[in-house]
Amino acid sequence: MVKVTIDNIEVEVEPGTTILNAARKIGGKIVPPAMCYYSKLKGTGGKCRTCLVKVTKGSEKDPRPMPKLVPSCSTAVMDGMVVQNITSPEVLEARKAIVEFLLINHPLDCPVCDQAGECDLQNLSYEHGLSETRYEEERRTFEKIDIGDKIQLHMTRCILCYRCVFVADQLTEKRVHGIMNRGDVAEISTYIKNSVDNEFSGNMIDACPVGALTDKTFRFKSRVWFAKACDAHRNCTHCGGKVTVWMAGNDILRVTGRKDKYGEVEEFICNECRFEKKDLKDWVIEGPRKISRESVISQNHYMNKNKPEKKK
Amino acid sequence: MEKKILLANIETPDFGKFETFRKQGGYAAVEKALKTMSPENVVDEVKKSGLRGRGGAGFPTGLKWSFIDKSTNNPRYLLCNADEGEPGTFKDHYLILKNPHLLIEGMILSSFALGANTAYIFLRGEWFYLMKILDQAIEEAYAKGYLGKNILGTDFSLDLYCHPGGGAYICGEETALIEALEGKRGNPRMKPPFPAIKGLYQNPTCVNNVETIAAVPWIINNGGCEYANVGIGKSTGTKLISACGHINKPGVYEIEMGLPVEEFIYSEKYLGGIKNGKKLKAVIAGGSSVPILPTELILKTAKGEPRLLSYESLADGGFETGTMMGSGGFIVMDETTCMVKSLLNYSRFYHHESCGQCSPCREGTGWMEKILHRIEHGQGNMHDIDLLVDIAKHVEGNTICPLGEAAAWPVRSSILHFRKEFEAHVINKKCTFNNG
């Protein structure tokens, strides 16, 4: 085991653990945000740069500080390493700048976005963003594209985190989509005349940190914070069948994978469970889902409501 | 300052052909190394020579070679970075054009030192015609027994391939080069692991620049100490400088490290002074990605000492008053040059060439170009100048690869040294330099 100190809190972790995962072991406010890293997908991370931290001491053997901020999601800890996250003004300034960069080509259309309430960028902007933009230039916009019969791509919102590309690469056969072009004209797209129809492709929606990929069977049906989330399961021949169903009364509005407190699905689910099983009879309801993310979903949820007391 | 190591004899007719090159002493270093030296001896000689990477970073070559993971039995690879794409830099192109066999000889020696049995020259896509020259030279080397199995009857075997890139600037970054060579999109990889541990096909790999590799034969022939005697201080040997801009004699020059910048610009032997007798205004000394310096700082350091063409002297003073050797692309600007327009050109380039993987580079390079475009066309305001500096500061150091710095440094240094010109554009609401 190696010892690492993050924001003055010491933790012991396995050698090879990244700074981000060491921070997740400690938990709380000192966990750096991550827009592109996804622990369930190999090779993710390092791209969005929101998780940059300052290493003030490399290790016991080599105590020199690292010359630049490093991405915590892809930098392994060393024994004796000292890291600053929210205790470093430099890190907070850089994070503020990264949020500004990300919002250049991401509209703040949260009021009409299906991802509102469970959007990582929304939370990140709230914590680190500026109240006014300094960007006066033209922004890029795209027409919405149906990249499959169940998934809609709204590239205007895409922050090019590559998570959906990794999902496609690692979970689905016959991958048909990826990144086209480069720089700020890069875009997610399917190959010519192809559409995404693999039975695990719906997981791209869960992995998308913003509202670029949305579930066409749920779009505009409800705001997520109005729906009640319940854990449910069924016998599925394709996946584990463990899901979260989002209901209004007894109607199932949408089905997603169960997400942990960092917004990452615990188990990937198949398209049949996600898109086709919307009847209450299809599922065994286990009980209310505890949404532990710092999100609007966990606010005002029926679970958190105090039962009104009877007037005497 | 007449020393010629890389460009010696290049004016000999048919010097690019094997027989001519051989008659002039070519491939003697291969014979010497393979028959009388061990790979460790070759590494030691390169270490003694003080040779530093000529691609831009200036990292000690021998030290870089010693990082190669020799603990595994996996194959090792040597990759020659011939993807030279920095605006203003064209010295590798010239070297390959004039002296292809020197590069091949260097590849054999370097591969021998690293224990690599397969090597690639990753050639910039736009230089397809150079590929024919290299392929011809490689074919000749195979035919004469300098490449292939059991070279010169020794145990050492080497296969050498020339591989054209797709013509993206980012493929000059070593990990993007590896990705491209593997047939993937040329996106830089996250480091660590470094290529010396996991490079091409996840095997130990060393990536060196054309000019670096081409210096190895002379070092083996004459000894590392002899090479270290050429040049000045820790800037040993010679350096190819590709000079362009408002000068009388643009071209590629081989200079001994330590040549005064003033002599290089004004001497008839080199650039022959500023074109049409105009005054010197600024120089970018190491390709467009390094800080620009005005006349008073490029000819003399902040301490008033003559500025020399060496890693240390060019960097003297740090970002505030210094610059870098970089890739050796020496861009000279006279008094008629509009600094805003010039910077806009470079910013357009870096915006266009950003791979788009990481947010600061993807969004920041475009933002800077758009603001510069407004300022140059009289639509900027004073606040934009500070905003540019702020954006550049947040792109710099926060990106996956050094393209962020390459895009940010020209912006920061141009505003640092020529701020009044930016302000003049804002005040006059137009470009005051009518130089087209």
Side-chain angles (χ1 to χ4, degrees), chain A residues 16 18 35-37 43-52 54 66-71 73-76 78 90-91 93-106 121 133-140 158-162 165 169 178-188, chain B residues 166-171 175-176 184-193 348-374 379-381 383-384 386-388 390-405 407:
Chain A
T18 60
M35 300 297 295
C36 66
Y37 173 76
T44 53
K47 295 179 175 62
C48 69
R49 317 305 276 182
T50 57
C51 71
L52 290 173
K54 188 180 174 81
M66 291 189 182
K68 295 184 201 175
L69 301 182
V70 296
C73 65
S74 57
T75 306
M78 304 286 278
E90 194 184 340
V91 168
E93 194 196 327
R95 203 161 284 160
K96 193 168 137 189
I98 302 294
V99 170
E100 190 175 26
F101 287 132
L102 286 172
L103 290 179
I104 284 178
N105 283 310
H106 180 93
L121 186 54
T133 182
R134 300 188 295 173
Y135 190 80
E136 298 171 15
E137 325 303 325
E138 194 181 338
R139 295 162 196 266
R140 66 178 193 169
C158 178
I159 56 163
L160 292 162
C161 70
Y162 285 58
V165 177
D169 218 11
I179 304 269
M180 307 292 171
N181 307 323
R182 68 179 176 216
D184 60 2
V185 291
E187 60 179 291
I188 298 285
Chain B
Y169 170 70
I170 193 63
C171 292
T175 57
K184 292 181 271 181
R185 202 181 149 90
N187 282 350
R189 290 179 182 173
M190 243 63 71
K191 290 191 271 191
R348 186 182 297 130
F349 174 79
Y350 290 110
H351 173 206
H352 183 260
E353 296 295 339
S354 167
C355 80
Q357 267 195 115
C358 60
S359 342
C361 179
R362 182 182 66 240
E363 307 294 351
T365 51
W367 194 1
M368 289 191 285
E369 190 213 322
K370 286 170 188 170
I371 294 173
L372 282 165
H373 189 273
R374 279 198 288 110
Q379 292 152 0
N381 55 54
H383 163 76
D384 283 335
D386 292 326
L387 181 59
L388 270 174
D390 196 54
I391 298 167
K393 272 185 183 168
H394 288 124
V395 171
E396 183 184 336
N398 289 341
T399 52
I400 295 172
C401 78
L403 196 140
E405 277 88 347

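For clarity, every value in this text was computed on a predicted model and none was experimentally measured. So you know, we letter chains A, B, ... as the sequences are listed, proteins then strands, and number each from 1.
- A side-chain contact (heavy atoms from CB on, under 4.5 Å) with B:Glu363 is found for exactly one of A:Ile104, A:Leu102, A:Leu103, namely A:Ile104.
- A:Ser74 OG to B:Arg189 CZ: the interatomic distance, rounded to the nearest 0.5 Å, is 14.0 Å.
- Contact of the B:Glu405 side chain with the A:Lys68 side chain is registered, since non-hydrogen atoms from C-beta on lie closer than 4.5 Å.
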**OP:** Give the C-alpha distance, both sets of side-chain angles, the deciding distance and a yes or no for salt bridge (Lys or Arg N to Asp or Glu O under 4.0 Å) between B:Glu353 and A:Arg182.
**Re:** CA-CA 8 Å; B:Glu353 296 295 339; A:Arg182 68 179 176 216; 3.1 Å; yes
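- Looking at B:Thr365, there are no atoms closer than 4.5 Å to chain A (heavy atoms on both sides), in backbone or side chain.
- A salt bridge links A:Glu137 with B:Arg374: the distance from a Lys NZ or Arg NE/NH1/NH2 to an Asp or Glu carboxylate oxygen falls below 4.0 Å.
- Of the two parts of B:Leu387, only the side chain, counted from C-beta on, holds a non-hydrogen atom closer than 4.5 Å to a non-hydrogen atom of chain A.
- In terms of heavy-atom pairs under 4.5 Å with chain B, the best-connected choice from A:Arg134, A:Arg49, A:Met35 is A:Arg49.
- If you measure heavy-atom distances from B:Ile170 to chain A, you find no contacts under 4.5 Å at all.
- Residue B:His373 does not touch chain A at all, counting heavy-atom pairs closer than 4.5 Å.
- Interface remark: A:Leu160 contributes backbone and side-chain atoms alike to the contact with chain B (heavy atom separation under 4.5 Å).
- Heavy atoms of A:Glu100 lying under 4.5 Å from chain B belong exclusively to its side chain.
- A distance of 11.0 Å separates CG in A:Asn105 from OG in B:Ser359, rounded to the nearest 0.5 Å.
- Looking only at distances, a side-chain donor or acceptor of B:Arg362 sits under 3.5 Å from a matching main-chain atom of A:Ile159.
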